[in-house]
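Only one structure is covered here, and it is reproduced in the block below.
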Amino acid sequence: MARSSSPLVNKASPIEQRRLLRARRSSKRVTALSPEALLDATLPGAEQPVPVVQQDAATALKRDATLSDETLAVHAGEKMGKNGAMDTDSIATPIVSGTTHWFKSSGDLIAFKEGRRHSIEYGRYGNPTVKVLEDKISALERAESTLVTSSGMNAIVATLLALVLPGAGHVVTTTECYSEARAFIRDKLSKMGIKVTFIELNDMDTLKAVLDHGDVTLFYTDCPTNPHLKCIDIKLVAELCHRKGALVCIDSTLASPINQKPLTLGADIVVHSATKYIAGHHDVIAGCISGSDALISRIRAWHHDLGGAISPVCSIY
């Protein structure tokens, strides 16, 4: 009969052997990396960038932002073990269906209310399973933060309401953006005292003329457009808008983060109807918004009021 190589296990009782083996396995538990760590991690001496098994984060991580989208799509956001968002050893991301989350003590609750401790608290504000998806999309988009919503239109509406002030804002959009987004901007935002200007997709002269008035809050368009697949020069548009203090929001639904990363070209916000390219357009309705922590925090506050939370069952797909 084969014997264990560990003298401690050989001499222990059967119950103690199981405890020792469990302890030894748990000490080797792999903790997956955060999106930020994944973007920074390589194994020393490897020819191609690969994820690092996090044993000692202080010594294992090296600066390298060349991890492939294939690697990020698999590993980004996966936080397992006691150091992650969920206490689990599951290889697959668990579906957390609970709508409410508890605090271990009054001190934890007070710390949360005072902003010194993070907690999801309630399903309309977030979900551990959905958070994995948000972190994964952030890594793919090279974004600081991502908010996943119940639909693409919910993502668009939450973004516009959060970033354009009623009675003072001015939205410039294109005649070829998504029809329902165009209708919302034309029919709903205009009734809130928000100025709306439509221009042709690549009419940079008109865009410059509108920006020269100095009151544009946000430029919004699709790239590629739905359904004609026309593209705009995102980098040029961002340069023109930022000179005048205007934000740039790109709907990148028909490209996905695999084919286009608007934030790296200068856009401030990128939205998707995740229903389509990202989810395969057959069994999930979802949306997502990516950008800086500051902008996504503003949008998230509106999202909490609008109530467009996605089911964690949908987010796992």
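Note that the structure is a prediction, hence the values are computed from the model and not measured.
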Could you walk me through whether Ser179 and Arg182 pass the side chain to side chain contact (heavy atoms under 4.5 Å, CB included) check?
-> CA-CA 5 Å; Ser179 60; Arg182 186 169 66 246; 3.8 Å; yes
Start with the C-alpha distance between Lys131 and Asp135, add both sets of side-chain angles, then the distance that settles salt bridge (Lys or Arg N to Asp or Glu O under 4.0 Å), and finish with yes or no.
-> CA-CA 6 Å; Lys131 183 65 167 60; Asp135 288 349; 2.8 Å; yes
Using the side chain to side chain contact (heavy atoms under 4.5 Å, CB included) rule, take Thr217 and Leu247 through it: C-alpha gap first, then chi angles, then the decisive distance, then the call.
-> CA-CA 6 Å; Thr217 308; Leu247 297 172; 5.6 Å; no
Step-by-step side chain to side chain contact (heavy atoms under 4.5 Å, CB included) determination, Tyr178 to Leu254 = CA-CA 11 Å; Tyr178 178 52; Leu254 296 190; over 6 Å; no
Should Leu189 and Val164 be marked as a side chain to side chain contact (heavy atoms under 4.5 Å, CB included) after you check the CA-CA gap, both sets of side-chain angles, and the distance that decides it?
-> CA-CA 9 Å; Leu189 290 189; Val164 185; 5.5 Å; no
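Two different hydrophobic clusters hold Leu161 and Leu165 under the rule that ILVMFWY side chains link at heavy-atom gaps under 4.5 Å. Both Ile156 and Leu295 are part of a single hydrophobic cluster, where members link through side-chain heavy atoms under 4.5 Å apart. Linking Ile, Leu, Val, Met, Phe, Trp and Tyr residues whenever their side-chain heavy atoms come within less than 4.5 Å leaves Ile199 and Val196 in two separate clusters. No continuous path of ILVMFWY side-chain contacts below 4.5 Å connects Leu229 to Leu201, so the two sit in separate hydrophobic clusters. Side-chain heavy atoms closer than 4.5 Å link hydrophobic residues (I, L, V, M, F, W, Y) into clusters, and following such links, possibly through other members, connects Val157 to Leu163.
In this structure, Thr146 and Cys288 approach most closely via the heavy-atom pair CG2-CB, 4.2 Å. In this structure, Val271 and Cys249 approach most closely via the heavy-atom pair CG1-SG, 4.0 Å. Pairing each heavy atom of Ser145 with each of Ser138, the nearest pair is C-OG, 3.3 Å. Scanning both residues, Met153 and Ala181, for their nearest heavy atoms gives SD-N, 3.9 Å. Contact record, Asn202 with Cys231: ND2-O, 3.0 Å, taken as the closest heavy-atom pair. For the pair Leu263 and Ala143, the tightest heavy-atom approach, listed with the atom from each and the gap, is CD1-CB, 3.4 Å.
Atoms CZ and CG, from Arg300 and Asp293 in turn, are 9.5 Å apart once rounded to the nearest 0.5 Å. If you take CD1 on Ile194 and NZ on Lys188, they are separated by 13.0 Å, rounding to the nearest 0.5 Å. In this structure, the separation between NZ on Lys208 and CG on Asp203 is 10.5 Å, given to the nearest 0.5 Å. If you take CG on Asp233 and CD on Glu239, they are separated by 8.0 Å, rounding to the nearest 0.5 Å. A distance of 8.5 Å separates CD1 in Ile258 from CD1 in Ile278, rounded to the nearest 0.5 Å.
Distance alone, capped at 3.5 Å, places no donor-acceptor pair between the Arg186 side chain and the Phe198 backbone. Side-chain atoms of Thr149 come within 3.5 Å of backbone atoms of Ser151 as a donor-acceptor pair (strictly under, hydrogens ignored). Looking only at distances, a side-chain donor or acceptor of Lys261 sits under 3.5 Å from a matching main-chain atom of Pro257.
By the side chain to side chain contact (heavy atoms under 4.5 Å, CB included) test, Thr253 is found to be paired with Asp251, His272, Ser273, Lys276, residues two or more places apart in sequence or in another chain being considered. For Asn259, the side chain to side chain contact (heavy atoms under 4.5 Å, CB included) partners at least two apart in sequence or on another chain are Ala255, Ser256, Tyr277.
Side-chain contact between Lys244 and Val216: absent, with no pair of heavy atoms (C-beta onward) separated by less than 4.5 Å. Using a 4.5 Å cut-off on side-chain heavy atoms (C-beta onward), His242 and Asp268 make contact. Within the 4.5 Å cutoff, side-chain heavy atoms of Val148 are placed close to those of Glu134. Within the 4.5 Å cutoff, no side-chain heavy atoms of Lys195 are placed close to those of Ser190. Between Ile234 and Cys223, some side-chain heavy-atom pair lies under the 4.5 Å cut-off. Using a 4.5 Å heavy-atom threshold, the side chains of Thr159 and Trp302 count as separate. When side chains are defined from C-beta on, Ile250 does not count as touching Ile269, because their heavy atoms never get closer than 4.5 Å. At least one side-chain heavy atom of Ile296 sits less than 4.5 Å from a side-chain heavy atom of Ile289.
Checked by atom type, the side-chain pair Ser292/Glu144 shows no donor-acceptor distance below 3.5 Å.
Atom CG of Leu240 is surrounded by more than 12 heavy atoms from other residues, nucleotides or ligands within 6.0 Å.
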Which pairs would a plain distance check flag for residues 167-177, meaning a side-chain donor or acceptor within less than 3.5 Å of a matching protein atom at least two apart in sequence or in another chain?
residue	atom	partner	partner atom	Å
His170	ND1	Asp215	OD1	3.0
His170	NE2	Thr197	OG1	2.8
Thr173	OG1	Tyr220	O	2.8
Thr174	OG1	Thr221	OG1	2.6
Thr175	OG1	Glu200	OE1	3.4
Glu176	OE1	His228	ND1	3.4
Glu176	OE2	Lys230	NZ	2.9

